[in-house]
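Just follow the structure's listing: the first ligand is 1, and inside any ligand the first atom is 1. One is the number of the first residue; the rest follow in order along the sequence.
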Amino acid sequence: MKIYVDTPEKTAEAVAKKYVALLAEKPNAVLGFATGSTPLGLYAELAKLCAENKISFKDVSTFNLDEYLGLDGTHDQSYRYFMNKNLFEKIDIDISRTRVPSGIDTDPEKAAQYDKDIEAAGGIDLQLLGLGNNGHIGFNEPGTPFGSVTHIVELTDSTRQANKRFFNSIDEVPTHSVTMGIKTVMNARRIILMALGKGKADIVKKFIQGEVTPEVPASVLQLHPDVEVYLDFDAASLL
Ligand code: GLP
C-alpha cells in the first residue's frame with residue numbers, strides 16, 4: 001500500500017489528478033465510485049476539472065459500491081440521488097452508463113448479478129473507497145467473509161448511528177443495504193481509499209498496521225497489489 005498524507009484540499013486535488021491521468025490513458029475506463037462525506041471534495045474537484053475541459057467522462061462507465069435498501073433513487077438520502085447531485089449532474093457523463101445497486105430489488109440472486117455486470121463491462125479499473133468508523137468498506141460490516149460478492153446486509157447499530165446525521169431520526173435510517181462484496185472490491189485493478197478527520201485515526205491505524213482479519217474489513221486491502229491510501233494529517237495522526 002502506498003500512503004499519502006496532506007490537507008483535505010490537497011488530498012482531493014491529488015486524487016483528482018489520478019483520474020485525469022487514468023482517463024487520458026483510458027477514456028472508456030470503468031470507475032467504481034463511493035458515497036459518504038469523504039469523497040465530496042474530490043467530486044467537486046472533478047466537476048471543476050470537467051468544466052475546464054481538463055477531464056472528460058463521456059466514455060466512462062461507473063459502478064457504485066452500495067445503496068440503502070428501501071430507498072429509491074428519488075429519495076434524497078439514497079446513494080443514487082447523492083451521486084447524481086454531487087457528481088453525475090456536474091460532469092459530462094452519460095447517465096445511462098452509471099450504475100448504483102438497486103435499493104428496491106431485495107432478491108439476493110439479483111444482487112449477485114451486479115458482479116456479473118461489472119465483469120461484462122470489463123472489470124473495474126479504479127475503485128474509490130471511503131472507510132467506515134468500524135473499518136467497513138462499502139457496507140461490508142465487520143465479519144463479512146473476504147469471498148463475498150454483491151449482497152444484502154443488515155447494518156450494524158454503530159453504522160446506523162454514524163449515518164443518522166443525514167436523516168430526521170434513527171428510525172428513518174434503513175436497517176439493510178446492498179453492497180459490493182469484499183471480493184467484488186478486491187477484483188478491481190486499482191483501489192484508492194480516502195479517509196479524513198481525527199475520528200478515523202484509530203481505524204486507519206488498525207487497517208494499515210494491524211492484522212488482516214474480516215473483523216476489520218478494510219485490512220483485506222493489505223493483500224491487494226495496487227492500493228493507494230490518501231489521508232489528511234488528522235486521519236494519519238496515529239500511524
Ligand atoms: C457509509 C458508506 C461507506 C463510506 C462510509 C464513511 O457507511 N456506505 O461507503 O465509506 O459511510 O462515510 P464518511 O465518508 O461520511 O465518513
Side-chain angles (χ1 to χ4, degrees), residues 8-9 11-12 15 31-46 62-71 73 75-83 85-87 99-103 111 114 124 126-144 148 150-167 170 172-182 184-186 188 191-208 216-221 227-232 234-237:
E9 296 73 25
T11 296
V15 177
L31 303 177
F33 279 129
T35 50
S37 45
T38 308
L40 284 173
L42 166 67
Y43 292 163
E45 186 63 21
L46 290 176
T62 72
F63 288 88
N64 256 77
L65 275 172
D66 48 13
E67 179 60 284
Y68 285 118
L69 230 55
L71 306 190
H75 190 290
D76 65 2
Q77 290 310 327
S78 73
Y79 286 166
R80 160 53 79 182
Y81 187 90
F82 175 101
M83 289 309 296
K85 290 292 159 207
N86 292 301
L87 186 65
R99 293 279 308 271
V100 178
S102 167
Y114 201 65
I124 291 176
L126 174 56
Q127 176 65 54
L128 180 68
L129 297 176
L131 179 67
N133 294 328
N134 59 6
H136 74 215
I137 47 177
F139 268 131
N140 291 288
E141 300 283 30
T144 307
S148 53
T150 304
H151 62 293
I152 288 170
V153 293
E154 183 171 1
L155 300 175
T156 60
D157 280 345
S158 81
T159 295
R160 293 184 70 235
Q161 290 293 344
N163 290 0
K164 83 165 182 225
R165 65 191 194 275
F166 302 113
F167 294 84
I170 186 76
E172 285 184 19
V173 184
T175 55
H176 290 74
S177 73
V178 52
T179 180
M180 280 188 196
I182 301 278
T184 324
V185 170
M186 290 293 278
I191 295 174
I192 289 182
L193 181 144
M194 298 175 76
L196 306 174
K198 268 233 157 6
K200 298 282 168 74
D202 259 327
I203 195 67
V204 161
K205 182 179 169 62
K206 264 196 201 142
F207 97 82
I208 295 176
V216 182
S219 67
V220 74
L221 300 175
V227 177
E228 291 166 281
V229 178
Y230 284 83
L231 307 171
D232 67 357
D234 283 341
S237 57

**Prompt:** Does the side chain of Ile182 reach to within under 4.5 Å of the side chain of Met186, using non-hydrogen atoms?
**Reply:** yes

**Message:** Any heavy-atom pair between the side chains of His136 and Val153 that's under 4.5 Å?
**Reply:** no

**Asked** Which residue supplies the protein heavy atom nearest to atom 4 (C) of ligand 1, what is that atom called, and how far is it?
**Response** Thr35 O, 4.0 Å

**Request:** Measure the shortest side-chain to side-chain distance between His176 and Phe139 over non-hydrogen atoms and say whether it is less than 4.5 angstrom.
**Result:** no

**Message:** If the cut-off is 4.0 Å to any non-hydrogen atom of Phe139, which atoms of ligand 1 fall inside it?
**Reply:** 7 (O), 8 (N)

**Item:** Contacting atoms of ligand 1, where contact means under 4.0 angstrom from a heavy atom of Arg165
**Value:** 15 (O)

**Prompt:** Taking the side chain as C-beta and beyond, is there a heavy-atom pair between Phe207 and Val229 under 4.5 Å?
**Reply:** yes

**Message:** Applying ring pair (Phe, Tyr, Trp, His ring centres under 6.0 Å) to Tyr68 and Phe166, what does each step give before you reach the verdict?
**Reply:** CA-CA 13 Å; Tyr68 285 118; Phe166 302 113; 8.9 Å; no

**Request:** Please write down residue, atom name and distance for the protein heavy atom closest to atom 6 (C) of ligand 1.
**Result:** Leu131 O, 3.6 Å

**Item:** Numbered atoms of ligand 1 (with element) below 4.0 Å of His136, judged on heavy atoms
**Value:** 1 (C), 3 (C), 5 (C), 7 (O), 11 (O)

**Any side-chain heavy-atom pair of His75 and Pro174 under 4.5 Å** = no

**Prompt:** Which atom names give the shortest non-hydrogen contact between Pro101 and Asn64, and what distance separates them?
**Reply:** CD-O, 3.5 Å

**Complete:** Shortest non-hydrogen pair, Tyr79 vs Glu67, comes out as N-OE1, 2.8 Å

**Asked** Of the protein's non-hydrogen atoms, which lies at the shortest distance from atom 12 (O) of ligand 1, and what is that distance?
**Response** Gly36 CA, 4.0 Å

**Item:** Met180 heavy atom under 4.0 Å from ligand 1
**Value:** no

**Asked** To the nearest 0.1 Å, how far is atom 2 (C) of ligand 1 from its closest protein heavy atom, and which atom is that?
**Response** Tyr79 OH, 3.7 Å

**Item:** Check: Lys200 N/O within less than 3.5 Å of ligand 1 N/O
**Value:** yes

**Asked** Considering only heavy atoms of Gly130, which atoms of ligand 1 have at least one such atom less than 4.0 Å away?
**Response** 10 (O)

**Message:** Heavy-atom distances under 4.0 Å decide this one: backbone, side chain, both or neither, for Ser37 against ligand 1?
**Reply:** both

**Prompt:** Does the side chain of Leu128 reach to within under 4.5 Å of the side chain of Tyr43, using non-hydrogen atoms?
**Reply:** yes

**Asked** Can you check whether Asn140 reaches Val220 side chain to side chain, under 4.5 Å on heavy atoms?
**Response** no

**Heavy atom of the protein closest to atom 8 (N) of ligand 1 (residue, atom name, distance)** = Asp66 OD2, 2.8 Å

**Asked** Looking only at heavy atoms, is any part of Phe82 under 4.0 Å from ligand 1, and if so is it the side chain, the backbone, or both, or is it neither?
**Response** neither

**Message:** Below 3.5 Å, N or O to N or O, backbone or side chain included: is there any such pair between Gly138 and ligand 1?
**Reply:** yes

**Item:** Close side-chain approach of Val216 to Ile203, heavy-atom, < 4.5 Å
**Value:** yes

**Shortest protein contact, atom 14 (O) of ligand 1 (heavy atom only)** = Thr38 OG1, 2.5 Å

**Request:** Please state which part of Arg160 comes within less than 4.0 Å of ligand 1, counting heavy atoms only: side chain, backbone, both or neither.
**Result:** neither

**Asked** Is Asn163 in polar range of ligand 1, meaning some N or O pair under 3.5 Å apart?
**Response** yes

